[in-house]
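Every value quoted in this text rests on a predicted model; they were computed, and no experiment measured them.
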Amino acid sequence: MIHMSQLKVPARTICKKVPADVVRRGIISSQEKELVIEAAAKSLHIKKENITRLFIDKKSLDARKKDQINFVYRIYMVTDGINEKKTLSRYGKNDVKYIEGNNIDIIENNEILYETPKANNEKIIVVGMGPAGMFAALELAEAGMKPVVIERGSDVDTRQNKVESFWNGGKLDTECNVQFGEGGAGTFSDGKLNTMVKDKSGYNKKVLKTFVRYGAPEEILYLQKPHIGTDKLRDVVKAIRNRITELGGKVLFDTKLENVIYDENGLTEIEITDGRKIKCDKLILATGHSARDTFYMLNDRGVDMEAKPFAVGVRVEHPQEIIGMNQYGELYKSLPVADYKLTYTTKSGRGVYSFCMCPGGYVVNASSENGRLAVNGMSNYLRDSENANSAIVVTISPSDFGGDSPLSGIEFQRKWEEAAYNAAGGMIPVQLLSDFNEGKISTSFGDVKPQTKGGYKFGNVRKSLPDFIGDAISEGMNAFDKRIKGFGRDDALILGIESRTSSPVKILRDESLQSNIKGIYPCGEGAGYAGGITSAAMDGIRVAKEILSGIGTLSTIQ
């Protein structure tokens with residue numbers, strides 16, 4: 001079998017042969033696969049008929065040179081009628097390798113299997129139905145355990161109704177909103193599934209395959225920057241929950257963790273919303289990064305934690321057309337919706353960078369506490385809004401928080417979220433970039449109009465941030481304009497504030513993934529061990545496997 005990690009096909013060739021809507025969505029059609037086979041054969045100087053099977057493992061877009069935009073593929077192929085070793089010895093490039101055997105199925109399906117669980121009376125409770133908790137519970141259930149998941153928010157359908165009501169001017173439900181409820185905060189985001197986590201375990205691929213199994217589009221398995229979209233992610237989340245319950249697990253919505261009770265040997269039980277106590281041997285603590293009251297409770301109960309760095313800033317909006325033209329030139333209408341990733345270091349040494357970029361998306365009111373306002377970005381599967389939006393954020397560390405408590409980062413967030421709430425009477429404050437730079441309230445829009453979920457109003461976003469963050473953003477936007485023409489245009493929109501980039505707290509855990517209170521397993525983004533849907537899900541799998549290995553249910557069969 002031959003592995004080729006850098007096979008390039010000109011984007012123009014793909015766009016000529018494949019329907020535009022298919023190219024834009026990233027789907028690999030039969031026409032595109034045929035073009036890949038032809039390119040592979042030409043690259044190896046063999047006939048395409050010699051290639052009997054080809055598997056595309058990864059697909060990305062190289063647009064560094066606007067006049068030479070290429071799709072790049074990582075492929076595995078089986079051939080017939082040639083001596084593969086001899087062919088590759090003549091080829092002499094390090095991006096092409098020979099692999100003994102021809103079983104592509106092993107590469108496509110490297111899944112961990114389980115033995116039948118040994119009889120045990122383990123009472124395992126998962127707190128949180130976000131990606132970490134959801135995947136941990138699924139892993140446990142598929143291994144024959146019967147976990148109980150408690151989620152302070154509602155099921156995804158009820159949650160959708162509550163969030164839509166809030167966006168349309170209704171009252172904020174502080175227990176069920178963009179941050180809390182089935183699926184976690186990621187359910188109301190772009191559904192981005194790329195991660196920077198090194199994946200020696202294969203958990204990344206496992207997460208993606210699981211999403212596809214429960215309804216996500218298949219292209220997430222091979223796209224370099226996979227995404228599901230808010231609209232599709234809701235159905236996927238529901239399907240995973242149904243599988244957990246089919247296997248004997250339970251999911252209790254509108255149920256909040258109020259207390260953890262333990263003795264010298266570790267955790268014994270937990271207390272939930274209605275005052276009821278539940279016996280618990282192992283608690284997977286997969287709360288999201290906005291479960292502030294839970295962090296305070298855990299701190300009071302003696303769970304070791306520390307403040308951690310994160311980032312705070314704003315959302316920016318530009319016409320999607322500008323981003324597309326800058327990234328892809330005249331081909332932008334034919335290629336997948338363009339995104340960007342920008343970084344800059346200010347003269348004072350602060351890092352400024354784009355975060356959670358949402359092509360063709362919306363800026364959403366992501367508040368979870370009364371009198372405080374935070375925004376986030378989301379896109380649907382087709383990414384067909386007029387605007388691109390992204391967080392432009394500035395790195396901050398515990399020395400910026402103004403306190404020594406492990407929870408001082410939360411208080412920092414709260415202070416500036418209150419300022420953002422007051423800036424526009426509880427609506428999303430909006431400011432033109434030129435006015436943001438000058439610190440004055442805007443009075444009219446230019447060519448860019450807000451694309452939001454939730455009401456907006458002109459307000460002084462600059463005054464909703466510490467001066468050092470506002471100054472760093474202005475400097476960074478000017479620098480980014482040199483990278484993307486028009487990025488620093490006067491009528492680009494600034495919306496605030498983006499304060500929930502990651503958890504401000506890290507709940508410490510040891511080599512067994514337990515906290516200082518035995519039986520409590522901090523997990524996922526809220527606990528400080530992930531940064532996004534995929535990495536949180538991967539950490540959930542990791543914690544579940546640690547628990548399973550400890551009670552004799554994990555097989556070594558691959």
Side-chain angles (χ1 to χ4, degrees), residues 19-29 59 129-135 137-138 151 153-164 167 176-195 204-244 251 288 320 335-339 356-364 366 376-389 451-453 525 532-538 540:
D21 64 322
V22 176
V23 176
R24 286 179 68 80
R25 289 162 60 193
I27 297 171
I28 295 178
S29 63
K59 173 185 174 182
M129 191 58 176
M134 181 167 49
F135 273 79
L138 180 63
E151 166 56 56
S154 304
D155 65 89
V156 74
D157 291 326
T158 303
R159 182 186 183 196
Q160 175 69 20
N161 291 334
K162 289 182 177 182
V163 170
E164 290 284 358
W167 283 343
C176 184
N177 44 62
V178 170
Q179 305 296 343
F180 303 142
E182 184 174 22
T187 303
F188 291 92
S189 70
D190 188 57
K192 284 179 284 295
L193 301 178
N194 50 304
T195 177
N204 188 352
K205 184 69 78 174
K206 182 179 180 69
V207 168
L208 297 178
K209 287 182 177 180
T210 300
F211 276 129
V212 170
R213 186 178 302 126
Y214 294 103
E218 287 193 12
E219 64 263 26
I220 69 171
L221 295 176
Y222 51 76
L223 291 179
Q224 183 187 34
K225 298 178 181 180
H227 93 110
I228 297 179
T230 298
D231 49 341
K232 290 186 178 291
L233 188 56
R234 292 192 290 266
D235 290 336
V236 174
V237 165
K238 192 190 310 183
I240 293 175
R241 179 240 300 172
N242 289 338
R243 180 58 175 163
I244 292 169
V251 181
Q320 182 63 46
L335 295 173
V337 184
D339 62 7
C356 186
M357 194 272 158
C358 297
Y362 302 87
V363 176
V364 307
N376 195 9
M378 64 164 268
S379 298
N380 289 324
Y381 173 62
L382 293 179
R383 292 174 160 176
D384 53 3
S385 163
E386 294 179 6
N387 289 353
N389 78 73
Q451 296 286 310
T452 68
K453 297 290 185 178
E525 187 163 351
I533 293 173
T534 303
S535 60
M538 291 167 64

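The salt bridge (Lys or Arg N to Asp or Glu O under 4.0 Å) analysis of residues 179-188, with sequence neighbours excluded, yields the pairs Glu182-Arg241.
Glu525 places a side-chain N or O within donor-acceptor distance of the main-chain N or O of Gly532, the cut-off being under 3.5 Å. Without hydrogens or angle criteria, Arg159 side chain to Phe180 main chain gives a donor-acceptor distance under 3.5 Å. Between the side chain of Glu151 and the backbone N or O of Gly181 there is at least one donor-acceptor pair closer than 3.5 Å. Lys192 places no side-chain N or O within donor-acceptor distance of the main-chain N or O of Thr534, the cut-off being under 3.5 Å. A donor-acceptor pair under 3.5 Å is formed between the side chain of Tyr222 and the backbone N or O of Ile28. In terms of modelled atom types and a separation under 3.5 Å, the side chain of Gln179 and the main chain of Ala366 share a donor-acceptor contact. A side-chain donor-acceptor contact under 3.5 Å links Ser379 to the backbone of Pro359. With hydrogens and angles ignored, the 3.5 Å screen pairs a side-chain donor or acceptor of Asp155 with a backbone N or O of Asp157.
Under a cut-off of 6.0 angstrom, the local environment of CD in Glu218 is sparse, with at most 12 non-hydrogen atoms contributed by other residues, nucleotides or ligands.
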query = Can you check side chain to side chain contact (heavy atoms under 4.5 Å, CB included) on Arg234 and Thr187, steps first, answer last?
reply = CA-CA 6 Å; Arg234 292 192 290 266; Thr187 303; 3.7 Å; yes
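Remark: Met357 CE to Asp339 CG distance equals 6.0 Å, nearest 0.5 Å. Ser154 OG to Met129 CE: the interatomic distance, rounded to the nearest 0.5 Å, is 13.0 Å. To the nearest 0.5 Å, atoms CG (Asn204) and CG (Leu193) are separated by 8.5 Å. In this structure, CE on Met134 lies 8.5 Å from CG on Leu138, to the nearest 0.5 angstrom. Between the CE atom of Met378 and the CG atom of Asn389 there is a distance of 10.0 Å, given to the nearest 0.5 Å. Here His227 contributes atom NE2 and Arg383 contributes atom CZ; the two are 3.5 Å apart, rounded to the nearest 0.5 Å.
Nearest heavy atoms, Gly361 versus Ser385: O-OG, 2.9 Å. Heavy atoms only, all atoms of each residue included: Gly360 and Val337 are closest at N-CG1, 4.3 Å. The two residues Asn376 and Ser189 have their closest heavy-atom pair at ND2-CB, 4.4 Å. Counting all heavy atoms, side chain and backbone alike, Gly377 lies closest to Cys356 at O-SG, 4.4 Å. Residues Thr195 and Ser535 approach most closely at OG1-CB, 3.8 Å, considering heavy atoms. Between Ile27 and Lys59 the shortest heavy-atom distance is O-NZ, 4.2 Å.
Exactly one of Asn380, Asp235, Val237, Leu233 qualifies for a side-chain contact (heavy atoms from CB on, under 4.5 Å) with Ile228. That residue is Leu233.
The closest side-chain heavy-atom distance from Gln160 to Val156 is not below 4.5 Å. You'll find the side chain of Val23 reaches within 4.5 Å of the side chain of Pro336, heavy atoms only. Between Arg25 and Tyr381 the shortest side-chain heavy-atom distance falls below 4.5 Å.
Taking Glu386 as the reference, Gln451 meet the side chain to side chain contact (heavy atoms under 4.5 Å, CB included) condition, with sequence neighbours excluded.
Centroid-to-centroid, the aromatic rings of Phe188 and Tyr362 stay 6.0 Å apart or farther.
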